[in-house]
S.K.: 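Quick one: structure below, then a few questions.
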Amino acid sequence: MSRSLVLALLLAACSAPAPEHQAAHVGAMPARTAEPAAPVEAPPAEAPAAPAANAPYVIDPAAFATLPEGPEGELVRRGHALSMDTHRLLPDEVGNGLNCTNCHLKAGTTPKAAPWVGVTDRYPRYRARSGKVDDLPDRINGCMERSMNGTALAKDSEPMQAFVAYMTWLSKDVPDGKNVADVGMPKIEPPHEPDRENGKALFETKCAACHGVDGKGVFAPDDATMFPPLIGERSYNIGAGMARLNTATAFVKHNMPLNQGGTLTDQEAHDIAAWFIFQDRPDLAKKDGDWPKGDKPSDARY
Ligand code: HEC
Ligand code: HEC
């Protein structure tokens with residue numbers, strides 16, 4: 001039933017007597033306008049508003065442009081700084097040349113780049129890879145050990161508390177229990193199997209100018225990451241989410257080339273990801289403990 005027809009039916013039913021022109025409007029269904037039962041068949045008046053009430057919270061990156069000031073904002077600001085300059089601020093714990101923000105773009109405020117907005121509500125949760133319920137510090141340590149090729153932070157350590165404080169601040173305006181739109185790296189379904197040779201060629205034309213012809217990234221003289229490594233000893237290890245084909249494909253499709261997310265076709269993103277994820281990168285010694293219950297995803301590396 002068309003929306004205007006429903007409206008006309010409701011109007012006709014609610015306003016007595018219905019003006020002549022409205023009656024004419026619903027002329028296509030004369031029997032209904034004549035019956036008092038008609039409004040019962042029509043959707044209730046609040047029905048169109050219902051999807052909006054359940055609609056997920058939409059991230060507005062601009063809302064996080066100004067970090068909280070003063071002593072009470074100190075830990076939040078520290079968490080933000082750690083996210084932006086991770087390997088230089090945590091040299092003992094991070095084993096590669098990456099920063100959290102290289103993947104969690106704009107320090108976890110970018111939709112479709114695994115944003116941290118609302119993440120305090122998404123944990124604790126069961127995760128198949130660990131085979132147990134992980135809390136937020138466990139999840140952060142997952143990225144420390146894999147994406148950062150480093151070591152776990154003690155849960156009561158200052159950096160861990162700073163990360164959690166920052167993520168809590170990012171999540172403060174998400175109503176309790178409400179889903180957030182575009183979290184994670186939403187999966188795409190490329191039409192066919194990846195073609196790595198095509199991926200290599202595409203990498204050279206679309207990615208190498210920033211990430212380097214060898215894909216090993218570009219670092220400033222003070223070792224700040226200018227363009228993060230996709231490949232090699234200073235990149236993430238084989239146990240990282242980004243080493244999985246579906247995740248890397250989705251990240252590249254939505255976010256790369258930088259500031260031109262969505263410009264590659266699904267298949268191009270798939271081809272490029274299938275090329276770079278299988279190049280040299282660090283191993284993960286404890287990988288044998290992953291998916292202890294056997295429910296391994298199809299794109300797992302081991
Ligand atoms: C090489 C890329 C990469 C880097 C670097 C990285 N992560 Fe992640 N992170 C991921 C991926 C991929 C996921 C899973 C996204 C998904 O759910 O699809 C993830 C998920 C997370 C989540 C859970 C998000 C959610 O909504 O469930 C948290 C929290 C997190 N990372 C924290 C960090 C922190 C803190 C750092 C820096 C110490 C970091 N990550 C560095 C790739 C990365
Ligand atoms: C204009 C420069 C530029 C181009 C072109 C570009 N990237 Fe990036 N890429 C970046 C920057 C900068 C980051 C880190 C973003 C940040 O820290 O804010 C990044 C992050 C990434 C990451 C996550 C971090 C990591 O090291 O794994 C991947 C994966 C990635 N790019 C893949 C690609 C692919 C594939 C292409 C080609 C389709 C591409 N990029 C093209 C600049 C670029």
Side-chain angles (χ1 to χ4, degrees), residues 79-80 82-87 89-90 93-94 96-110 112-123 125 127 129 134-150 152-153 159-160 162-164 166-167 170-171 180 182-187 199 202-212 215-218 224-232 234-237 240-244 246-261 263-264 268-277 281:
H80 177 265
L82 287 172
S83 305
M84 297 297 290
D85 203 9
T86 324
H87 76 89
L89 293 176
L90 299 175
E93 293 88 350
V94 173
N96 63 17
L98 293 179
N99 303 319
C100 312
T101 193
N102 295 154
C103 299
H104 299 277
L105 301 179
K106 301 209 161 67
T109 64
T110 304
K112 302 186 186 176
W116 297 331
V117 180
V119 74
T120 48
D121 219 28
R122 295 194 280 281
Y123 294 83
R125 75 194 290 178
R127 297 186 67 228
R129 192 175 69 191
D134 285 347
D135 62 16
L136 184 54
D138 289 327
R139 184 65 191 85
I140 290 170
N141 278 334
C143 275
M144 282 297 299
E145 294 181 323
R146 295 153 188 269
S147 299
M148 312 303 287
N149 192 36
L153 298 167
M160 178 59 84
F163 278 127
V164 171
Y166 174 60
M167 292 177 193
L170 290 177
S171 306
V180 177
D182 296 325
V183 293
M185 298 177 181
K187 297 280 173 285
L202 284 167
F203 179 86
E204 281 159 11
T205 56
K206 306 242 179 202
C207 323
C210 291
H211 291 283
K216 292 185 179 170
V218 178
T225 308
M226 322 244 335
F227 297 108
L230 313 185
I231 295 171
R234 299 203 77 189
S235 186
Y236 49 86
N237 68 40
M242 196 65 91
R244 285 176 46 194
N246 295 346
T247 307
T249 298
F251 178 85
V252 171
K253 167 74 189 188
H254 298 307
N255 302 294
M256 290 293 141
L258 195 68
N259 300 326
Q260 295 173 49
T263 58
L264 298 172
E268 285 172 334
H270 204 44
D271 293 355
I272 300 174
W275 179 71
F276 74 76
I277 65 168
R281 62 183 63 263

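In listed order, ligands and their atoms are each counted from 1. Heavy-atom basis, side chains included; hydrogens, waters and symmetry copies ignored.
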S.K.: Is H254 reaching over with its side chain to a backbone N or O of M185, donor-acceptor style, under 3.5 angstrom?
M.R.: no

S.K.: Within this structure, what is the CG-CG distance for the pair L90 and D85, rounded to the nearest 0.5 Å?
M.R.: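 It is 9.5 Å, given to the nearest 0.5 Å.
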
S.K.: Got an N/O contact under 3.5 Å between T247 and ligand 1?
M.R.: no

S.K.: To the nearest 0.5 Å, tell me how far L170 CG sits from S83 OG.
M.R.: 8.0 Å

S.K.: I need the minimum non-hydrogen distance between G97 and N102, along with the two atoms involved.
M.R.: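 Closest approach of G97 to N102, heavy atoms only: O-OD1, 4.5 Å.
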
S.K.: Anything protein N/O/S under 2.8 Å from atom 8 (Fe) of ligand 1? Just list residue and atom, please.
M.R.: H104 NE2, C143 SG

S.K.: Would the distance check show the side chain of N96 and the main-chain N or O of S147 forming a donor-acceptor pair, the cut-off being under 3.5 Å?
M.R.: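 Confirmed, N96 side chain pairs with S147 backbone.
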
S.K.: Can you name the one residue among F163, Y166, F251, W116 that meets ring pair (Phe, Tyr, Trp, His ring centres under 6.0 Å) with H104?
M.R.: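 Passing option: W116.
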
S.K.: Do side-chain atoms of N141 reach the backbone of M144 as a donor and acceptor pair under 3.5 angstrom?
M.R.: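 Not confirmed, N141 side chain does not pair with M144 backbone.
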
S.K.: What are the protein N/O/S atoms, named by residue and atom, that sit under 2.8 Å from atom 8 (Fe) of ligand 2?
M.R.: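 Checking every protein N, O and S atom gives H211 NE2, M256 SD.
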
S.K.: For ligand 2, which atoms, with element, lie under 4.0 Å from some heavy atom of L98?
M.R.: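 Reading through ligand 2 atom by atom, the close ones are 26 (O).
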
S.K.: What atoms of ligand 2 come within less than 4.0 Å of a heavy atom belonging to Y236?
M.R.: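 Once the distances to Y236 are compared, the set is 27 (O).
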
S.K.: Is a donor on one side and an acceptor on the other found under 3.5 Å between the side chain of R122 and the backbone of V117?
M.R.: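 Yes, the answer is positive, given that a donor and an acceptor are paired below the 3.5 Å cut-off.
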
S.K.: Identify the two heavy atoms, one from E145 and one from A152, that lie closest to each other, and give their separation to 0.1 Å.
M.R.: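 Taking every non-hydrogen atom into account, OE2-CB, 3.7 Å.
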
S.K.: Considering non-hydrogen atoms of the protein only, which is the closest contact for atom 16 (C) of ligand 1, and what is the distance?
M.R.: G184 CA, 3.7 Å

S.K.: List every atom of ligand 2 that sits less than 4.0 Å from any heavy atom of L264, numbering the atoms from 1 in the order shown and giving each element.
M.R.: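 Checking each atom against L264, I get 38 (C).
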
S.K.: Note the single closest protein heavy atom to atom 24 (C) of ligand 1, along with its residue, its atom name and the distance in Å.
M.R.: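 In this structure, atom 24 (C) of ligand 1 has V119 CG2, 3.9 Å as its nearest protein heavy atom.
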
S.K.: Give me the nearest non-hydrogen protein atom to atom 27 (O) of ligand 1 as residue plus atom name, then the distance to 0.1 Å.
M.R.: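 Answer, as residue, atom name and distance: Y123 OH, 2.7 Å.
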
S.K.: Using a 4.0 Å cutoff against the non-hydrogen atoms of R122, which atoms of ligand 1 qualify?
M.R.: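 Selected atoms, number and element: 25 (C), 26 (O).
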
S.K.: Of all the heavy atoms in F276, does at least one lie under 4.0 Å from an atom in ligand 2?
M.R.: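 Right, F276 reaches ligand 2.
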
S.K.: Please check this pair: side chain of N255 against backbone of G261, looking for a donor-acceptor N/O pair closer than 3.5 Å.
M.R.: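 Here the side-chain-to-backbone pair does not exist.
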
S.K.: Please report the shortest heavy-atom distance between C210 and V218, naming the atom on each side.
M.R.: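 Result for this residue pair: O-CG2, 3.5 Å.
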
S.K.: Would P229 count as a contact residue for ligand 2, given that I'm defining contact as a non-hydrogen atom of the residue lying under 4.0 Å from a ligand atom?
M.R.: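 Under 4.0 Å: yes for P229.
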
S.K.: If you apply the rule side-chain contact (heavy atoms from CB on, under 4.5 Å), what do you find for L264 with M256, and how did you get there?
M.R.: CA-CA 8 Å; L264 298 172; M256 290 293 141; 5.5 Å; no

S.K.: Give the residue and atom name of whichever protein heavy atom lies nearest to atom 22 (C) of ligand 2, and the separation in Å to one decimal.
M.R.: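 For atom 22 (C) of ligand 2, the nearest protein heavy atom is F251 CE2, 3.3 Å.
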
S.K.: What part of L82, side chain, backbone, both or neither, has a heavy atom within less than 4.0 angstrom of ligand 1?
M.R.: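 For L82, no heavy atom sits under 4.0 Å from ligand 1.
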
S.K.: Between L98 and T86, is the side-chain contact (heavy atoms from CB on, under 4.5 Å) condition met? List the steps.
M.R.: CA-CA 7 Å; L98 293 179; T86 324; over 6 Å; no

S.K.: Main chain of F276, side chain of R281: is a donor-acceptor contact present, judged purely on distance under 3.5 Å?
M.R.: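 Checked: pair present.
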
S.K.: For G118 versus S171, what's the shortest heavy-atom pair and its separation?
M.R.: N-OG, 2.9 Å

S.K.: Tell me whether ligand 1 is touched by N99 - counting only heavy atoms on the residue side and a distance under 4.0 Å.
M.R.: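 In this structure, N99 qualifies as a contact of ligand 1 - some heavy atom is under 4.0 Å.
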
S.K.: Is there a donor-acceptor pair closer than 3.5 Å between any side-chain N or O of N99 and the backbone N or O of P228?
M.R.: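 No.
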
S.K.: Out of curiosity, I272 CD1 to L202 CG, how far, rounded to the nearest 0.5 Å?
M.R.: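 Going from CD1 on I272 over to CG on L202, the span is 4.5 Å.
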
S.K.: Need the ligand 2 atom indices (1-based, order shown) with element for anything under 4.0 Å from a heavy-atom of I272.
M.R.: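 Near I272, the atoms of ligand 2 are 35 (C), 38 (C).
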
S.K.: Cut-off 3.5 Å, side chains only: do T225 and H87 have a donor facing an acceptor?
M.R.: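 Indeed, the side chains of T225 and H87 share at least one donor-acceptor pair under 3.5 Å.
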
S.K.: Looking only at protein heavy atoms, identify the closest one to atom 18 (O) of ligand 1 and say how far it is in Å.
M.R.: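 The protein heavy atom lying closest is M185 N, 3.4 Å.
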
S.K.: If you measure from each non-hydrogen atom of L105 to ligand 2, which part falls under 4.0 Å: side chain, backbone, both or neither?
M.R.: side chain

S.K.: Under a heavy-atom criterion of less than 4.0 Å, does M167 contact ligand 1?
M.R.: yes

S.K.: Show the nearest heavy-atom pair for residues T247 and G241, with the distance to one decimal.
M.R.: CB-O, 3.2 Å

S.K.: If you have a sec, work out which protein heavy atom is nearest atom 28 (C) of ligand 1 and how many Å separate them, to one decimal?
M.R.: W116 NE1, 3.6 Å

S.K.: With a 4.0 Å heavy-atom cut-off (strictly under), which part of N102 contacts ligand 2: side chain, backbone, both or neither?
M.R.: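 Under 4.0 Å from ligand 2, N102 contributes backbone and side-chain atoms.
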
S.K.: Any atoms of ligand 1 less than 4.0 Å from a non-hydrogen atom of M144? List them with their elements.
M.R.: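 Per the distance check, 38 (C).
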
S.K.: Show which atoms of ligand 2 fall inside a sub-4.0 Å distance from at least one heavy-atom site of T101.
M.R.: 16 (C), 17 (O), 18 (O)

S.K.: Using every non-hydrogen atom in the two residues, find where S235 and P229 come nearest and quote the distance to one decimal.
M.R.: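 Heavy atoms only, the tightest pair is OG-O, 3.1 Å.
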
